[in-house]
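In listed order, ligands and their atoms are each counted from 1. All values below come from the heavy atoms of this structure, side chains included, with hydrogens, waters and symmetry mates left out. Here the structure is a predicted model, which means the values were calculated and not measured.
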Amino acid sequence: MPVLFKNEFYHHAVPRINEALVQRAADQLLVSTGMAEAELSILLVDDQQIAELNRTWRHKKGPTNVLAFPLTEGEDSAMAMNLLGDIVISVETAAREAKQEGLSLHSRLQVLLVHGFLHLIGYDHEKSDAEAVRMYNKERMLLQELTKKRRETMIKLAVNVDHVATLREARGTNEPDPVLAAGICELAGAEGIVVHLREDRRHIQDRDVILLRQTVKTKLNLEMGAAKEIIKLALNIKPDMVTLVPEKRKELTTEGGLNVAAQKQKLKKVIGQMNDAGIPVSLFIDPDSRQIKAAKDIGATFVEIHTGRYADATREEEREHEYELIAAAAEEAYESGLRVNAGHGLNYVNTARIAALETIEELSIGHAIMARAVIVGLDQAVREMLGLMI
Ligand code: PXP
């Protein structure tokens, strides 16, 4: 199995990556080429480091994207131990190339990994035209295997109807009714209804959840903090699933993901209680490998990846970075066997890219749909959003 080394970058502007994804791609490469027992090492470096290696070993000036150092034939003991050699990738160059090609950084890293790997096992496009074609074909075939389509069904939209209740509560009357709104969303094509029953009952009320349980035909997802009183209610009402979120009284909306790693015991207990009642649990988390592992460890069925920082980013670079984190987290969670949803802050401009991630099953969207519904009507607002999610 490959060993992944990550050097300390000299350069602090190098984008963060999810090493587990690179590791997994390398594992898969070895399996697809029938070398599951072999070992290789991967060094992720910055431009300055790869330029030094390029100068020392190839007498070439400047950085490059990938270098491969196969173990030479003389190294019999290494060959006997199935050691293939080292692949060095500059994450900085990979990020530049990803941008030029309109790919995610992790997709570009995969291309470079495959390229370096083929050099390690003896392919060399610089030898002759025929060899270049042979290497190109093999590269394409391996990349196709690594990037096989995963989602067999279309991505689903779950509409959060909290803000219909916000409008009702603004006057303390009985309209507009989130129960009626939920029906309209379902008729327009939503495949789930989400409500957040907050401890302060600022929008959704107990009555709403009770009625929605009876009327929702698709799937009722109850978003909630892990507070005793709400847990008891959820166990009585039995929604189709619950999504656990951190909840603060003073926040305008959920501000970030749960710190699952820091409260594993407590959350594990809630998951156990819900599962015993036949209710699957989703944990709302930031796109962070540590939280994914913790969610998997304590038996969550789903994670919902927080897309808020991606949605709120004002600079393109920042948005790209947040997008990469979401793409990588969704991939990691999916690969670990978790089901993956995403949401928060998604709107008519930023949703399409997230919906295109094949590891994500469902998006949970509220505010943007309700804001548009005020102008164009709820049915149309839901249909327009669905039209973007292809
Ligand atoms: N997912 C979670 C966990 C949330 O807390 C919210 C907000 O209630 C959403 C999704 C929907 O976010 P938005 O209203 O910004 O679409």
Asks: Would T243 and N221 count as a side chain to side chain donor-acceptor pair (under 3.5 Å) if you check the C-alpha gap in whole Å, the side-chain angles of each, and the deciding distance to 0.1 Å?
Replies: CA-CA 7 Å; T243 298; N221 179 352; 2.9 Å; yes

Asks: Which residue holds the protein heavy atom closest to atom 16 (O) of ligand 1, what is that atom called, and what is the gap in Å?
Replies: G366 N, 2.8 Å

Asks: Which protein non-hydrogen atom lies closest to atom 5 (O) of ligand 1, naming both residue and atom, and how far is it?
Replies: E223 OE2, 2.5 Å

Asks: Given the rule that I, L, V, M, F, W and Y join up when any side-chain heavy atoms are under 4.5 Å apart, are V133 and V111 in one cluster?
Replies: no

Asks: Do you see a donor-acceptor pair shorter than 3.5 Å between the side chains of S289 and K293?
Replies: yes

Asks: Considering only the protein, which heavy-atom contact is closest to atom 8 (O) of ligand 1, and what is its distance?
Replies: N160 ND2, 3.4 Å

Asks: Is there a side chain to side chain donor-acceptor pair (under 3.5 Å) between H125 and H115 once you walk through the steps?
Replies: CA-CA 10 Å; H125 55 95; H115 190 83; 3.3 Å; yes

Asks: Can you tell me which residue and heavy atom of the protein come closest to atom 15 (O) of ligand 1, and the distance to 0.1 Å?
Replies: G345 N, 2.8 Å

Asks: As a check for students: among E304, H196, H203, H344, identify the option with a heavy atom nearest to atom 1 (N) of ligand 1.
Replies: E304

Asks: Select the closest option to atom 11 (C) of ligand 1 among S364, G343, S282, judged by heavy-atom distance.
Replies: S364

Asks: What protein heavy atom sits nearest atom 14 (O) of ligand 1, and how far away is it?
Replies: H367 N, 2.8 Å

Asks: Are any of the side-chain nitrogens in K268 or D297 under 4.0 Å away from the carboxylate oxygens of its partner?
Replies: no

Asks: Between D47 and S90, does the side chain to side chain donor-acceptor pair (under 3.5 Å) criterion hold? Intermediate values first, please.
Replies: CA-CA 6 Å; D47 275 354; S90 166; 2.6 Å; yes

Asks: With heavy-atom distances below 4.0 Å as the criterion, list the atoms of ligand 1 near F284.
Replies: 3 (C)

Asks: In terms of atom number and element, which parts of ligand 1 are under 4.0 angstrom from non-hydrogen atoms of V245?
Replies: 3 (C)

Asks: With the threshold set at 4.0 Å, does a side-chain nitrogen-carboxylate oxygen contact exist between D200 and R202?
Replies: yes

